[in-house]
Amino acid sequence: MGEVREVTLRNGRKWFVCTSDPVVLPGDTWGACLLASSADLSLAVAQAWATAAMSANCNWIAIAAPNGEAVHDHIDRIVEAEEAYDLTTTWYDEPARWAWSASW
């Protein structure tokens, strides 16, 4: 079991930072989901988070990992199969760009 921390920004937005499997509570709406890792992400982990993001009406998933492009392609196939065309995905595989992916 991982850890979950809630961070409230000055503008009132809440970020949940977690190292666990995704949990979507009834009524949850996610603005964005960032999957970040300094090591390769497994496709199974990516699939769990993509499925959770879709069920939380998330409209943006960003992947920041050394294998970011492969994870992105896997998530795109999941999104297309579910016809969740309002969900935007992007990826970064260079550490220098990872901080930018979390800034939106």
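As a basis for the values below, the full set of heavy atoms in this structure was taken, side chains included, without hydrogen atoms, waters or symmetry mates.
Considering every non-hydrogen atom in both Cys58 and Cys33, the closest pair reads SG-N, 3.8 Å. In this structure, Val24 and Ala56 approach most closely via the heavy-atom pair CG1-CB, 3.9 Å. Residues Ala53 and Ile61 come closest through the heavy atom pair CB-CD1, 3.8 Å. Here the closest non-hydrogen pair linking Ala39 and Ala65 is O-CB, 4.0 Å. What you find for Ser37 and Pro66 is that their closest heavy atoms are O-CD, 3.5 Å.
A donor-acceptor pair under 3.5 Å is formed between the side chain of Ser42 and the backbone N or O of Val45. In this structure, the side chain of Ser55 engages the main chain of Ala52 through a donor-acceptor pair within 3.5 Å.
Atom CD1 of Ile63 sits about 7.5 Å away from atom OG1 of Thr90, to the nearest 0.5 Å. In this structure, CD1 on Ile75 lies 5.5 Å from CG on Leu35, to the nearest 0.5 angstrom. Annotation: the span from Leu34 atom CG to Trp49 atom CH2 amounts to 10.0 Å, rounded to 0.5 Å. The structure places CG of Leu87 at 11.0 Å from CH2 of Trp30, a figure rounded to the nearest 0.5 Å.
Applying the side-chain hydrogen bond (donor to acceptor under 3.5 Å, both in side chains) test to pairs two or more places apart or on separate chains, those with a residue in residues 71-83 are Gln47-His74, His72-Asp76, His72-Thr89, Asp76-Thr89.
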**OP:** Begin with the C-alpha distance, continue with both residues' side-chain angles, and end with the deciding distance and a verdict on side-chain contact (heavy atoms from CB on, under 4.5 Å) for Leu41 and Val71.
**Re:** CA-CA 7 Å; Leu41 283 168; Val71 173; 3.9 Å; yes
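Under the rule for a salt bridge (Lys or Arg N to Asp or Glu O under 4.0 Å), the partners of Glu6 that lie at least two apart in sequence or sit in another chain are Lys14.
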